Amino acid sequence: MSKSITLEFEDNSQLPTLYGEHNSHLARIEQKTGASFTARGNILVIEGGKDARETAQQIIVSLHDKLDMGVEVTMGDVDGAIRMADFLDAPKQEKIIERKDLAAKENSIRTRNAIISPRSVNQALYIRSLRETNMTFGLGPAGTGKTFLAVAMAVSHLLEGKVEKIILTRPAVEAGEKLGFLPGDIREKVDPYLRPLYDALGHMISIEQTERRLENGDIEVAPLAFMRGRTLSNAFVILDEAQNTSPMQMKMFLTRFGENCRMVVCGDPSQVDLPDGTPSGLFHAMDILKNIDDISFIRFNADDVVRHALVGEIVRAYDRAER
């Protein structure tokens with residue numbers, strides 16, 4: 001019985017990107033799986049134990065699929081493919097979604113400037129929920145892609161004509177400052193709080209397109225207080241940093257829901273910046289809305305962090321300290 005797997009690629013021009021500079025991508029996969037690679041022209045031979053070989057093959061095929069989709073493969077994509085393979089190799093009773101729901105081609109988000117694929121199983125669940133559920137809560141630490149993926153799905157919906165506008169909002173309390181004491185007009189006052197949302201938009205469509213759509217009203221970025229008294233219809237609405245809302249603010253926001261509305265609530269329950277004694281509207285909503293159909297709660301953890309690997313270690317260290 002063969003102790004190796006041989007992959008043959010039709011397009012040699014993709015292989016430097018697939019393998020990484022100085023074969024760095026292959027080296028990372030070897031380190032994580034225990035398999036070994038031998039590259040000869042358009043042939044890649046995978047050796048090692050049966051599980052290691054099959055897992056490595058799965059990772060390589062997944063990354064090659066990304067290249068076929070026109071996505072530039074980075075080390076972050078390699079780490080994401082490794083995380084996904086680790087999940088798919090788990091015992092069947094631990095699997096909560098089928099392989100077809102995790103495949104990059106079937107569960108990616110397309111925008112003008114990017115094709116975004118999940119880099120962890122919880123990201124795959126989150127993308128599916130964003131696509132299928134009217135209201136989704138994305139809960140977990142920084143760096144897990146909660147806001148980024150929500151903005152990507154919002155842009156995709158706008159470009160496909162499924163909604164007429166995107167509304168992005170945040171409670172402006174993170175810095176512990178009162179808006180009235182900050183310099184400038186209202187946009188200049190709130191821009192520092194909303195900058196992460198602008199950055200995400202700039203990745204999906206150009207900065208110029210973002211500015212144009214902000215001017216014509218296709219995209220609205222505003223502090224949470226500006227949502228009061230409105231009914232949000234034909235819109236994809238995202239509330240970021242939701243842990244810094246009060247229960248009253250959260251109720252106000254959620255009850256803005258209108259016809260043909262998609263609503264996403266993103267928050268990190270471990271980073272509440274409200275004054276001592278002020279309850280978080282996110283905790284309150286998580287408790288009282290958990291049994292309502294068509295509201296999904298996707299929980300991320302340190303294993304889902306897709307920034308530098310050090311961020312995941314930092315999150316785990318803080319989790320241990322808090323426990």
Side-chain angles (χ1 to χ4, degrees), residues 122-123 125-126 129-130 133-151 154 167-182 189-190 192-197 200 221-230 232 237-257 261-292 294-305 307 311-312 314-323:
N122 285 324
Q123 283 197 354
L125 286 166
Y126 189 53
S129 179
L130 293 174
T133 308
N134 284 327
M135 186 178 293
T136 300
F137 282 71
L139 312 166
T144 51
K146 305 182 301 294
T147 303
F148 183 81
L149 292 173
V151 172
I167 300 174
L168 308 171
T169 186
R170 258 187 164 193
V173 300
E174 291 86 346
E177 300 177 73
K178 300 294 185 183
L179 288 178
F181 292 102
L182 295 176
K189 289 177 188 289
V190 301
Y193 297 98
L194 302 171
R195 177 51 52 189
L197 300 177
V221 184
L224 182 58
F226 283 38
M227 300 298 107
R228 191 174 299 279
R230 302 174 60 179
L232 306 176
V237 190
I238 301 170
L239 170 61
D240 196 27
E241 299 291 342
Q243 73 274 8
N244 291 325
T245 62
S246 68
M248 186 177 296
Q249 286 176 316
M250 180 64 79
K251 179 183 177 183
M252 178 275 291
F253 172 75
L254 296 177
T255 55
R256 303 307 92 198
F257 196 94
C261 180
R262 285 292 174 93
M263 193 171 274
V264 185
V265 178
C266 303
D268 180 356
S270 71
Q271 291 194 355
V272 177
D273 298 307
L274 294 168
D276 289 343
T278 303
S280 170
L282 181 60
F283 285 103
H284 187 247
M286 289 164 60
D287 182 47
I288 68 173
L289 303 178
K290 58 189 176 185
N291 295 320
I292 296 180
D294 210 24
I295 299 180
S296 296
F297 293 86
I298 308 298
R299 290 172 170 82
F300 297 90
N301 55 54
D303 293 334
D304 298 303
V305 172
R307 293 179 186 168
V311 177
I314 291 170
V315 171
R316 291 186 189 93
Y318 273 92
D319 286 344
R320 288 193 296 269
E322 288 166 6
R323 285 197 297 269

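None of these values were measured; they are calculated from a predicted model. The figures here come from the full heavy-atom set of this structure, side chains too, leaving out hydrogens, waters and symmetry mates.
When all heavy atoms of L239 and P171 are compared, the closest pair comes out as CD1-CD, 4.0 Å. Residue A285 comes nearest to L254 through the heavy atom pair CB-CD1, 4.5 Å, listed as atom of the first residue, atom of the second, then distance. Nearest heavy atoms, V305 versus A142: CG2-O, 3.9 Å. For P279 against P247, the heavy-atom pair with the smallest separation is O-CD, 3.3 Å.
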Q.
If you apply the rule side-chain contact (heavy atoms from CB on, under 4.5 Å), what do you find for Q123 with T144, and how did you get there?
A. CA-CA 8 Å; Q123 283 197 354; T144 51; 5.5 Å; no
Q: Please step through side-chain contact (heavy atoms from CB on, under 4.5 Å) for the pair C266 and Y126, ending with a clear verdict.
A: CA-CA 11 Å; C266 303; Y126 189 53; 3.5 Å; yes
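When side chains are defined from C-beta on, R299 counts as touching M286, because their heavy atoms get closer than 4.5 Å. At a threshold of 4.5 Å between non-hydrogen side-chain atoms, the residues V237 and C261 count as touching. By the 4.5 Å heavy-atom criterion applied to side chains, L274 and Q243 are not counted as neighbours. Between I295 and F137, the closest side-chain pair of non-hydrogen atoms falls below 4.5 Å. Residues D240 and V264 form no side-chain contact, since every pair of their non-hydrogen atoms from C-beta on lies 4.5 Å or further apart. Put simply, the side chain of R170 does not reach to within 4.5 Å of the side chain of V221, judged on heavy atoms. Between I167 and L232, the closest side-chain pair of non-hydrogen atoms falls below 4.5 Å. In this structure, M252 and L224 have side chains that are in contact, with non-hydrogen atoms separated by less than 4.5 Å.
I292 contributes atom CD1, which lies 12.5 Å from atom CG of N134 (distance to the nearest 0.5 angstrom). Atom CZ of R230 and atom OG1 of T255 lie 13.0 Å apart (nearest 0.5 Å). In this structure, the separation between CG on L282 and CG on L139 is 5.5 Å, given to the nearest 0.5 Å. The distance from atom CG of N122 to atom CZ of F300, rounded to the nearest 0.5 Å, is 6.0 Å. Within the model, atoms CE of M227 and CD of Q249 stand 12.0 Å from one another, a figure rounded to the nearest 0.5 Å. With rounding to the nearest 0.5 angstrom, the CD atom of E241 is 7.5 Å from the CG atom of D273.
Listed by chain and number, the residues in a side-chain contact (heavy atoms from CB on, under 4.5 Å) with A154 are I166, F236, I238 (sequence neighbours excluded). F283 meets the side-chain contact (heavy atoms from CB on, under 4.5 Å) test with P269, V272, S280; sequence neighbours excluded.
Using modelled atom types and a 3.5 Å distance limit, the side chains of D294 and T133 yield no donor-acceptor pair. Of the N and O atoms on the side chains of T136 and S296, not one donor lies less than 3.5 Å from an acceptor on the other residue.
Remark: side-chain polar atoms of D287 are not paired, donor with acceptor, to backbone N or O of H284 under 3.5 angstrom. Under a 3.5 Å cut-off, the side chain of K146 and the backbone N or O of G267 do not form any donor-acceptor pair.
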